[in-house]
Protein chains: 2
Amino acid sequence: MKKKITMKEIARELDVSISTVSKALNNSPEISQDTIDKVQAFAKFYNYKPNNIALSLKNKKTKNIAVIIPEIVHHFFTLIISGIEQKANELGYNVIVCLSNESFAKEVINLETMASGSIDGFLLSLSKETMAKKDFHHLREVINQGMPLVMFDRVSDEIYCDKVIIDDARASYNTVKHLIYSGCQRIALLTTPDYVSVGKLRTLGYKNALKDEGIEIDENLIVRVETVEELDGKVKSLFDTEKFDAVFGVNELYAVVAMREAHSRGLIIPQEMSFVGFSDGILSKYAYPSLTTVVQHGFEMGQKAAKMLIDRLESDHTDDSYKMEVIKTSILQRESTKPV
Amino acid sequence: MKKKITMKEIARELDVSISTVSKALNNSPEISQDTIDKVQAFAKFYNYKPNNIALSLKNKKTKNIAVIIPEIVHHFFTLIISGIEQKANELGYNVIVCLSNESFAKEVINLETMASGSIDGFLLSLSKETMAKKDFHHLREVINQGMPLVMFDRVSDEIYCDKVIIDDARASYNTVKHLIYSGCQRIALLTTPDYVSVGKLRTLGYKNALKDEGIEIDENLIVRVETVEELDGKVKSLFDTEKFDAVFGVNELYAVVAMREAHSRGLIIPQEMSFVGFSDGILSKYAYPSLTTVVQHGFEMGQKAAKMLIDRLESDHTDDSYKMEVIKTSILQRESTKPV
DNA sequence: TTGTAAGCGTTATCAC
DNA sequence: GTGATAACGCTTACAA
């Protein structure tokens, strides 16, 4: 078992000083070619690798960034992480993933432990609990310490920082119009409580589209689902009590569950009822019939967010204006809706 | 913007030495209660947090562990990560997630960059390419450096280290028997090429079950799928050319895609054809009809693996015997198979 | 061309 | 009870 070797050892073995070794390894012009060769050969032979921790301490930068997300068992977040990872690696950074599990407390802990030197900056999507509480002191704190923060997807206006979002209201608006143009008139909405920023915006887009098309908004058709546990029940009671010809879910799960319910009630899709979901994931793709969805381009979102953070990390002048990037969405027409 | 404060600053402000501050913060009995109170109050007020990097350098341990997985956009891996994260956090460790994207080269790079001080140990599931190449020098190298490695799910006999696996052969064996007892006779298998260890074992279990039940193995019913791209085509041609009454997929995607094909050919499920998949994810749960699957308990696998690694990190005596933990699977009977 | 020394933030040893 | 000093592994003025 050959332990990791340090500059100190190289110096001792080669009978030169540590700084000579350091310079030689960095090809400093100060050092003679002879010494450089000797040192580098030795280093290579013993598979010398500089110690990242020591470098971090010296340089006051770790080349690590932290991503704090509410949940990882979620296709959209998983795509975002892939995007972040890809871009960060490309730019020489490692990614530390932290899960808040939708908990405010865990989000705070994650932020605090990471902020103590482990990373250079944060990428964060708010937990539900944090959004409900509207308590953002932990975010302000890291920002005040001079640590860059980029928020994505689930963001807050109350925090002044770089952001990457989906244009949820518009995406939703377009989707509902799409349904209307395909011949639907009574469109049910399966959404989240309003404290979830994206749910709120998608609800807004839904309402605006109806308004603009002169369709009256029927609050009975708007179902707010808090947790997956209550999803089935709420969907069933919607089918029991209301009449409608389309369902728009603010995520793919909601739409797919509604579609199953329709299926089991013998409805023909999309002729008798259409379905659209948000966030194109495997569920949508492999549902039967396959689900028309709003594609959110999570991978791109991750890339953009990572790029934004790293740009800020590597620009020296502290720019105090913040950027907000909006990722375009698109509708992927599949089998669950009628062609327009 | 109040920058992070260090012990040095506290010492200067309070007019004591740095070592006094250090001891006071650690409640050393050497220090007078007075000083302790003073220092701690000051530290609290300025929100002092010890710098992790400095601690890592000093203690030669980072309290970070790296997980290297082939893909994150995959429910099973995502569950494993959640389990790892939960357990690691509980035991005071952070998790750095690295994606190999099924590439040998990226796996090597991940290992190398992480091994240079950033982490205390590895959790790894092999990339497909690595399994195909059977080149494990990078793993041997980190092990030789004295860095603990725990492999999970996609493991190799050639590497001597702790492992956590599913008993794939047995799980598969049981599943096929389950199908047979439910009345199926000709069971098609959708599997991976043999270099994917889990695919190979599941194929083995399938064959053994048939043998033990006196059913002849028909190689035409065994379809090996390398990538998702070729999945659809291979499934279609299976349906075109063979007769069978059940499909067993070595993952949920394979099973669901086959089920869709059956659906679109008007087959009645499960009366005319049964379906079972491996790895219970959202696809299985929300498929129509819902898919009977082998539950792999990824979360537990993650927890076990993390626990194993951290146990090794924190035990002083270098135990040179390695543990292999097998996670039990179970069959979750849903709508896609007939009751036994 | 090479070496010395200080410093990054912390802890541990040893003196005072 | 308190403080100097060395050490972790590395870089970088500054000296020699």
Side-chain angles (χ1 to χ4, degrees), chain A residues 3-40 42-43 46-64 113-120 145-147, chain B residues 3-40 42-43 46-64 113-120 145-147:
Chain A
K3 270 275 168 202
K4 298 207 72 61
I5 193 181
T6 68
M7 290 173 79
K8 203 186 204 174
E9 273 125 35
I10 302 185
R12 184 155 30 76
E13 292 297 319
L14 259 41
D15 224 16
V16 292
S17 76
I18 298 183
S19 60
T20 302
V21 174
S22 171
K23 290 170 186 164
L25 287 173
N26 292 303
N27 286 306
S28 159
E30 289 180 18
I31 303 294
S32 71
Q33 196 56 48
D34 238 40
T35 315
I36 291 187
D37 293 346
K38 202 175 53 175
V39 170
Q40 294 196 349
F42 190 92
Y46 283 99
N47 192 27
Y48 168 79
K49 292 271 162 44
N51 180 309
N52 287 330
I53 296 291
L55 287 178
S56 299
L57 185 57
K58 183 108 255 277
N59 304 331
K60 315 268 248 146
K61 54 175 82 157
T62 62
K63 290 280 188 172
N64 290 154
T113 64
M114 285 297 128
S116 320
S118 311
I119 56 144
D120 299 338
Q145 281 171 25
M147 181 153 293
Chain B
K3 270 273 172 205
K4 297 207 73 59
I5 193 180
T6 68
M7 291 174 89
K8 201 188 207 171
E9 274 124 34
I10 302 185
R12 183 153 33 72
E13 292 298 318
L14 260 41
D15 224 16
V16 292
S17 75
I18 297 183
S19 53
T20 301
V21 173
S22 171
K23 287 171 188 163
L25 287 172
N26 291 302
N27 287 306
S28 158
E30 288 181 20
I31 304 293
S32 71
Q33 195 55 47
D34 238 38
T35 315
I36 291 188
D37 293 346
K38 201 174 52 175
V39 171
Q40 294 196 349
F42 190 92
Y46 282 100
N47 193 25
Y48 168 80
K49 292 273 163 41
N51 181 308
N52 286 331
I53 297 291
L55 287 177
S56 298
L57 184 58
K58 185 110 253 277
N59 304 330
K60 317 269 249 143
K61 52 175 83 157
T62 62
K63 290 280 186 173
N64 290 154
T113 65
M114 285 298 128
S116 320
S118 311
I119 55 143
D120 299 338
Q145 280 172 24
M147 182 153 293

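Each chain gets a letter, A, B and so on, in the order the sequences are listed, and its residues count up from 1.
Test I31(A), I10(A), D15(A) against T20(A) for side chain to side chain contact (heavy atoms under 4.5 Å, CB included) and you get one pass: I31(A).
Between I36(A) atom CD1 and dT1(C) atom C1' there is a gap of 11 Å when expressed in whole angstrom units. Note: CD1 (I18(B)) to P (dT11(C)) measures 11 Å, nearest angstrom. Here dT1(C) presents its P atom at 13 Å from CG of D37(A), a figure rounded to the nearest Å. Straight-line distance from the NZ atom of K58(B) to the P atom of dT10(C): 12 Å, rounded to whole Å. If you measure from atom NZ of K49(B) to atom C1' of dG9(C), you get 16 Å, rounded to the nearest angstrom.
Here L55(A) lies in heavy-atom contact (under 4.0 Å) with sugar-phosphate atoms only. Residue N59(A) is out of contact with every strand shown, counting any heavy-atom pair closer than 4.0 Å. Residue-level contact check: S19(B) touches the bases, meaning some heavy atom is under 4.0 Å from a base atom. In this structure, S56(B) reaches neither bases nor backbone, as no heavy-atom distance under 4.0 Å exists between it and the strands shown. Contacts of K60(B) with the nucleic acid, taken as non-hydrogen atoms under 4.0 Å apart, involve only primed sugar atoms and P, OP1 or OP2.
In this model, the phosphate group of dG9(C) is not approached by any side-chain N or O of K4(B) to a distance below 4.0 Å at OP1 or OP2. In this model, the phosphate group of dG9(C) is not approached by any side-chain N or O of S22(B) to a distance below 4.0 Å at OP1 or OP2. The phosphate of dG3(C) (OP1 or OP2) has a side-chain N or O of S17(A) nearer than 4.0 angstrom.
Fit an axis to the five pairs at each end of the helix from dT1(C)-dA16(D) to dC16(C)-dG1(D) and the two axes sit 60° apart, to the nearest 10 degrees.
Side-chain to base pairing of K23(A) with dG3(C): one donor and one acceptor N or O lie within less than 3.5 Å of each other.
The footprint of chain A on DNA chain D, defined by a heavy-atom cutoff below 4.0 Å, extends from dC8(D) to dC14(D).
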